[in-house]
Amino acid sequence: MKLLVIIPTYNEIENITKIVPEVFKVIPQDAGILIVDDGSPDGTATAVKKMQEEYKNRLNLLERKEKSGLANAYITGFKWGFENGYDVLCEMDADFSHKPEYLPSLYEAMQTNDVAIGSRNIKGGAVEGWSALRNFISKGGSLYSRLVLGCPVKDLTGGFNMWKKESLEKIGLDTIISKGYSFQIEMKYKAYKAGCTIKEIPIIFPDRKYGESKMSKGIFMEALKAVWRIRNA
């Protein structure tokens, strides 16, 4: 199974030149990385182009003119992966909150499952560097979503996930209604409803060291409201 790691970026110049080599160290030789950059004014895309000289045919870049949302970035990346012969597609952040060292465990889980989730909310998983309030809000959000949707996945809101191409086709990418943070919830819920086999792998999730977080209280609260739209869609 050929793996593609999709990393959406916006102003990640401090992280992108560090994360790409670390990912390539731990993924198979035939695997690739796709950077989907939403017009970062800090030069993220330019840095990726320079690295492409070293990682010929393995490091790919999609440049977009402006921010179009997390869901749109990943769906665009998934479809690019389909068109270029990839069988397993991975969502991953650029800021090292998703540690590259977990990629082999997630990929191994894909040998016998349709979806593998890097989970903060199962035994062995945790977050680092968060306040008690932020941790409570995150875990509460996943629990709330699980109860509303009747979905057993423990970490519905997490963004470190691998998908078989067939599972994404079962979900139907063109049916996704979420634009932002709730995208992660909707994807897992639809995978569960479609009968996909889902494996959660424990991960330690550290807070980012460089750059600014894209998450805000408003974004999180909007995601919780969106759970009801997802259930009724």
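With rounding to the nearest 0.5 Å, the separation of OG1 in Thr9 from CG in Asn15 is 10.5 Å. Taken to the nearest 0.5 Å, the CD atom of Glu101 stands 9.0 Å off from the CD1 atom of Ile204. Asp37 contributes atom CG, which lies 6.5 Å from atom CG of Leu61 (distance to the nearest 0.5 angstrom). Rounded to the nearest 0.5 angstrom, Asp207 CG and Phe96 CZ are separated by 14.5 Å. The distance from atom CZ of Phe183 to atom CD1 of Ile177, rounded to the nearest 0.5 Å, is 12.5 Å. Ile203 CD1 to Phe160 CZ: the interatomic distance, rounded to the nearest 0.5 Å, is 6.5 Å.
In the displayed structure, Lys2 atom NZ is contacted under 6.0 Å by more than 12 heavy atoms of other residues, nucleotides or ligands.
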Step by step, work out the side chain to side chain contact (heavy atoms under 4.5 Å, CB included) result for Tyr86 and Trp80.
CA-CA 9 Å; Tyr86 290 93; Trp80 186 95; 3.8 Å; yes

Set out, in order, the CA-CA distance, both residues' side-chain angles and the distance that settles side chain to side chain contact (heavy atoms under 4.5 Å, CB included) for Met110 and Lys199, then state yes or no.
CA-CA 8 Å; Met110 294 303 295; Lys199 176 73 172 179; over 6 Å; no

What verdict does the side chain to side chain contact (heavy atoms under 4.5 Å, CB included) test give for Leu156 and Gln184, after you've listed the backbone C-alpha separation in whole Å, the side-chain angles of each residue and the deciding distance to 0.1 Å?
CA-CA 7 Å; Leu156 277 171; Gln184 305 295 359; over 6 Å; no

Verdict with reasoning, Leu59 to Ile35, per side chain to side chain contact (heavy atoms under 4.5 Å, CB included)
CA-CA 8 Å; Leu59 178 59; Ile35 308 297; 4.0 Å; yes

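For Ser182 (side chain) and Ala226 (main-chain N/O), no donor-acceptor pair under 3.5 Å exists by modelled atom type. Looking only at distances, no side-chain donor or acceptor of Lys65 sits under 3.5 Å from a matching main-chain atom of Asp38. Side chain of Lys49 to backbone of Ala45: no donor-acceptor contact under 3.5 angstrom is found. Proximity of a side-chain donor or acceptor of Glu200 to a complementary backbone N or O of Gly118 within less than 3.5 Å is not detected. Judged by distance alone, with hydrogens and angles left aside, the side-chain atoms of Ser178 form no donor-acceptor pair with the main-chain N or O of Glu186 at under 3.5 Å. Judged by distance alone, the side chain of Thr76 and the main-chain N or O of Asn72 form a donor-acceptor pair under 3.5 Å. Side-chain atoms of Asn161 come within 3.5 Å of backbone N or O of Gly158 as a donor-acceptor pair. Between the side chain of Asp42 and the backbone N or O of Glu12, at least one donor-acceptor pair lies under 3.5 Å. Formation of a donor-acceptor pair under 3.5 Å by the Asn113 side chain with backbone atoms of Ala116 is not found in this model. Asn60 contributes a side-chain N or O that, together with a main-chain N or O of Ile33, makes up a donor-acceptor pair within less than 3.5 Å.
Looking at heavy atoms from C-beta onward, Val115 lies out of side-chain contact with Met187 at the 4.5 angstrom threshold. Residues Trp163 and Lys170 have side chains not in contact (no heavy-atom distance under 4.5 Å, counting atoms from C-beta outward). Within the 4.5 Å cutoff, the side chain of His98 has no heavy atoms near those of the Tyr102 side chain. At least one side-chain heavy atom of Tyr74 sits less than 4.5 Å from a side-chain heavy atom of Pro8. Within the 4.5 Å cutoff, the side chain of Val88 has no heavy atoms near those of the Leu4 side chain. In this structure, the side chains of Leu89 and Met162 stay at 4.5 Å or more apart for every pair of heavy atoms. Inter-residue side-chain proximity for Cys90 and Ile6 is flagged as unmet; no heavy-atom pair is nearer than 4.5 Å. Proximity of Ser119 to Pro202: side-chain heavy atoms (C-beta onward) are nowhere separated by under 4.5 Å.
A donor-acceptor contact closer than 3.5 angstrom links the side chains of Asp95 and Ser97. A donor and an acceptor atom, one from each side chain of Arg120 and Thr157, are located under 3.5 Å apart. Residues Lys190 and Thr175 have side chains that bring a donor and an acceptor to within less than 3.5 angstrom of each other.
Gly39 and Tyr10 get closest at one heavy-atom pair: O-CE1, 4.1 Å. Contact record, Met51 with Thr17: SD-CA, 3.8 Å, taken as the closest heavy-atom pair. The minimum heavy-atom distance linking Ala109 with Ile201 is given by the pair CB-CD1, 4.1 Å. Here the closest non-hydrogen pair linking Ile185 and Ser145 is CD1-OG, 3.6 Å.
Because its NZ or CZ atom is both nearer than 6.0 Å to the ring centre of Phe82 and within 45° of the ring axis, Lys165 counts as a cation-pi partner of that residue.
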May I have the list of side-chain donor-acceptor pairs in residues 19-31 shorter than 3.5 Å, sequence neighbours left out?
| residue | atom | partner | partner atom | Å |
| --- | --- | --- | --- | --- |
| Glu22 | OE2 | Lys25 | NZ | 3.0 |

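The pair Lys79-Asp174 meets the salt-bridge criterion, with a side-chain N (NZ, NE, NH1 or NH2) lying under 4.0 Å from an Asp/Glu carboxylate O.
Ile13 and Val36 fall into different hydrophobic clusters, where Ile, Leu, Val, Met, Phe, Trp and Tyr residues are linked whenever their side-chain heavy atoms come under 4.5 Å apart, directly or through other members.
Checking each of Ile117, Leu143, Ile122 against Lys154 for a side chain to side chain contact (heavy atoms under 4.5 Å, CB included) leaves exactly one that passes, namely Ile122.
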